[in-house]
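One structure is given here, and the rest of the page talks about it.
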Amino acid sequence: MAHLWVRAEQRLNEDRVGLTPEGARALLDKGIRVTVEKSSVRAIPIDGYVDAGCEIAPENSWPDAPGDAIIFGLKELPEDGTPLHHRHIMFGHAYKGQHSGKALLQRFKAGGGTLYDLEYLVDETGRRVAAFGYWAGYAGAAVTLKSWAAQQRGAVCGPVGVYPGKDALLAELGAELDALNRARPSALVIGALGRVGSGAVGLLSAMGCSVTKWDMAETASGGPFPEILDHALFLNCIFARPGTPVFVPKSALSAPRALSAIGDVACDPDSDYNPVPVYDRATTWDQPVVRVATVPVLDVMAIDNLPSMLPVESSQDYAAQLLNTLLSVDDLSGGVWTRAEADFVLHSKEL
């Protein structure tokens with residue numbers, strides 16, 4: 001019998017989960033054993049998993065799980081260097097040359113385990129079977145808008161946190177903008193037709209901003225793109241890859257522009273293909289933006305776990321997308337799982 005072990009998240013500001021109680025019940029109905037760790041931070045209470053019939057384990061006890069258990073989590077494991085013996089389903093962030101990713105692969109090599117990276121669970125066309133994109137774009141646009149609002153008060157955006165739901169976020173942000181007694185800023189979103197971009201457009205539209213929606217057709221020329229500088233806000237919502245053009249060059253820092261806040265939702269400052277090369281590090285919940293220019297002012301938001309600001313909606317949405325794939329976890333010898341394992345093997349050879 002296949003055994004899925006849902007671990008508690010151990011990263012700061014990570015309250016999401018990739019399996020809901022309803023999804024757990026579907027797995028159990030198929031004969032898949034499900035263990036769920038208790039969690040002091042998970043947005044979905046443990047009671048629902050108990051009622052579904054899951055086995056419950058202590059928080060962070062996954063290292064002692066049975067050897068045949070498949071450990072399922074979302075974000076990174078503690079970087080303690082211990083060998084990893086199990087099969088893990090998670091976002092590894094290990095295949096793009098990241099230093100922490102190389103260390104993670106070394107741990108799998110040392111322990112004989114396997115990584116099924118959630119980012120590389122793709123169908124036969126190469127499309128990801130599940131993604132947090134919509135809520136990343138939604139939350140990223142909100143923080144970028146908060147950055148702009150802070151600028152209007154002569155300040156820098158302060159810390160952000162978790163919201164019980166999108167209605168609470170909208171109410172707080174709307175009140176903050178209304179207090180300025182100014183017209184809403186204009187925004188340009190690149191990747192507007194994708195999951196991430198549609199989330200950004202959704203938030204900005206809900207806040208009454210004028211949104212210019214760009215996608216592949218509008219960026220096919222390769223740039224430059226002076227139109228971006230004519231908007232107060234710019235949201236980058238595309239996955240950087242070889243050939244991705246530069247959207248905001250370093251020369252923009254001193255150029256005349258209306259642009260004062262960038263939301264780099266894609267958040268890949270370490271990539272050689274970063275289309276927004278005006279900053280060099282991700283931002284955090286405590287310091288959501290980095291100021292890269294003062295005359296005129298320009299702030300960049302680049303938080304790398306944005307959906308965690310709305311953990312209930314993002315968990316429910318992601319879990320619903322992923323469930324069909326998890327229902328096949330009792331046979332890892334084909335389809336999505338084989339492709340993900342092949343990616344793991346390929347990148348492990350590069351160690």
| N181 atom CG, over 12 foreign heavy atoms within 6.0 Å | no
| How long is the span from the CZ atom in R128 to the OH atom in Y120, to the nearest 0.5 Å? | 9.0 Å
| request: List the steps and the verdict of side chain to side chain contact (heavy atoms under 4.5 Å, CB included) for W337 and R87. | output: CA-CA 11 Å; W337 303 109; R87 294 167 293 177; over 6 Å; no
| task | Look at D51 together with R25 and state whether they make a salt bridge at an N to O cut-off of under 4.0 Å. | result | no
| request: Heavy atoms only: give me the nearest G140-L306 pair and the separation to one decimal. | output: CA-CD1, 3.6 Å
| task | Over all heavy atoms of both residues, which pair between T244 and P275 is shortest? Give the atoms and the distance, please. | result | CG2-CB, 3.9 Å
| Do the side chains of E176 and M207 get nearer than 4.5 Å, heavy atoms only? | no
| Non-hydrogen side-chain atoms of L327 and L27 separated by less than 4.5 Å | yes
| query | Take atom CZ in R281; do more than 12 heavy atoms of anything else shown fall under 6.0 Å from it? | reply | no
| Hey, does the side chain of D15 reach the backbone of P311 with a donor-acceptor pair shorter than 3.5 angstrom? | no
| query | Is there a donor-acceptor pair closer than 3.5 Å between any side-chain N or O of S186 and the backbone N or O of A232? | reply | yes
| query | Does E227 reach the side chain of E218, with side-chain heavy atoms less than 4.5 Å apart? | reply | no
| So, S205 side chain and G202 main chain: donor-acceptor pair closer than 3.5 Å or not? | no
| Looking at CD of Q106 and OG of S348, how far apart are the two atoms once the value is rounded to the nearest 0.5 Å? | 9.0 Å
| message | Using a 3.5 Å distance criterion without hydrogens, assess whether the side chain of Q10 forms a donor-acceptor pair with backbone atoms of P78. | response | no
Side chains of residues 154-166: which donor-acceptor pairs under 3.5 Å do they make with residues two or more places apart or in other chains?
residue, atom, partner, partner atom, Å
Y163, OH, E172, OE2, 2.5

| query | Would a 4.5 Å heavy-atom cut-off, applied to side chains only, mark T114 and L332 as touching? | reply | no
| Just by distance, do the side chain of Q151 and the backbone of V297 share a donor-acceptor pair under 3.5 Å? | no
| task | Evaluate the criterion salt bridge (Lys or Arg N to Asp or Glu O under 4.0 Å) for residue pair R42 and E59; output intermediate values, then yes/no. | result | CA-CA 11 Å; R42 187 183 293 129; E59 189 167 14; over 6 Å; no
| field | L19 with I71, same ILVMFWY side-chain cluster at under 4.5 Å | value | no
| field | Main-chain N/O of A302 paired to D264 side chain as donor or acceptor, under 3.5 Å | value | no
| query | Taking the inter-plane angle between the rings of W214 and F225 on a 0 to 90° scale, is it parallel (under 30°), tilted (30 to 60°) or perpendicular (over 60°)? | reply | perpendicular
| Is V41 reachable from I44 through a run of hydrophobic residues whose side-chain heavy atoms are each under 4.5 Å from the next? | no
| query | Taking the six-membered ring of Y318 as reference, does the NZ or CZ atom of R16 fall below 6.0 Å from its centre and within a 45° cone about the axis? | reply | no
| note | Closest non-hydrogen contact found for I238 with G191 is CG2-CA, 3.6 Å
| remark: Heavy-atom closest pair (H93 atom, E76 atom, distance to 0.1 Å) is CD2-OE2, 3.5 Å
| Quick one: CG on L77 to CG on N60, what's the gap to the nearest 0.5 Å? | 10.0 Å
| task | Please say whether more than 12 non-hydrogen atoms of neighbouring residues, nucleotides or ligands are located less than 6.0 Å from CD in Q287. | result | no
| said: Applying side chain to side chain contact (heavy atoms under 4.5 Å, CB included) to S61 and W5, what does each step give before you reach the verdict? | reply: CA-CA 10 Å; S61 60; W5 184 291; 3.4 Å; yes
| request: For T284 and D286, test the side chains for any donor-to-acceptor distance below 3.5 angstrom and give the result as yes or no. | output: no
| Measuring from L310:CG to Y134:OH, what's the distance to the nearest 0.5 Å? | 10.5 Å
| Side-chain (S198) to main-chain (R195) donor-acceptor, under 3.5 angstrom | yes
| message | Would you say that I303 contacts C267 through its side chain, given a criterion of any heavy-atom pair below 4.5 Å between the two side chains? | response | no
| said: Let me confirm one number: the CD1-CZ distance from I228 to R257, rounded to the nearest 0.5 Å. | reply: 12.5 Å
| ILVMFWY network linking V211 to V196, side-chain heavy atoms under 4.5 angstrom | yes
| request: In sequence, state the C-alpha distance, the side-chain angles, and the governing distance for L170 and Y138, and then conclude on side chain to side chain contact (heavy atoms under 4.5 Å, CB included). | output: CA-CA 10 Å; L170 292 173; Y138 200 92; 3.4 Å; yes
| message | Looking at K75 and E9, is there a salt bridge between them, counting it only when a charged N and a carboxylate O are closer than 4.0 Å? | response | no
| Could you walk me through whether V300 and V248 pass the side chain to side chain contact (heavy atoms under 4.5 Å, CB included) check? | CA-CA 11 Å; V300 178; V248 183; over 6 Å; no
| Closest contact, heavy atoms only, P269 versus D280 | CB-C, 3.9 Å
| field | pair R7-H86: side-chain heavy atoms closer than 4.5 Å | value | no
| query | To the nearest 0.5 Å, how far apart are CG in L84 and CG in L104? | reply | 6.5 Å
| request: Say whether, by atom type as modelled, one donor and one acceptor occur between the side chain of Q321 and the main chain of A131 under 3.5 angstrom. | output: yes
| field | Joint cluster assignment, M301 & I262, ILVMFWY side-chain distance < 4.5 Å | value | no
| query | Are the side chain of H85 and the backbone N or O of G111 linked by a donor-acceptor pair below 3.5 Å? | reply | yes
| query | What's the shortest heavy-atom distance between L118 and G73, and which atoms? | reply | CD1-O, 3.6 Å
| query | With E22, which residues qualify under salt bridge (charged side-chain N to carboxylate O under 4.0 Å, His left out), at least two apart? | reply | none
| Is a salt bridge present between D178 and R184, judged by a nitrogen-to-oxygen distance below 4.0 Å? | yes
| For the side chain of R33 and the backbone of E55, is there at least one donor-acceptor N/O pair under 3.5 Å apart? | no
| message | Between the side chains of R11 and D304, is the shortest nitrogen-to-carboxylate-oxygen separation below 4.0 Å, so that they form an ion pair? | response | yes
| said: Would you say CD of E79 has more than 12 non-hydrogen atoms from neighbouring residues, nucleotides or ligands within 6.0 angstrom? | reply: no
| request: May I ask you to check whether over 12 heavy atoms, not counting those of K30, lie within 6.0 Å of atom NZ? | output: yes
| message | Using the rule that Ile, Leu, Val, Met, Phe, Trp and Tyr join whenever any side-chain heavy atoms are under 4.5 Å apart, tell me whether L173 and L235 fall into a single cluster. | response | yes
| So do L74 and F132 actually touch side chain to side chain, heavy atoms under 4.5 Å? | yes
| message | Do L115 and Y95 make a side-chain contact, defined as non-hydrogen atoms from C-beta onward lying under 4.5 Å apart? | response | yes
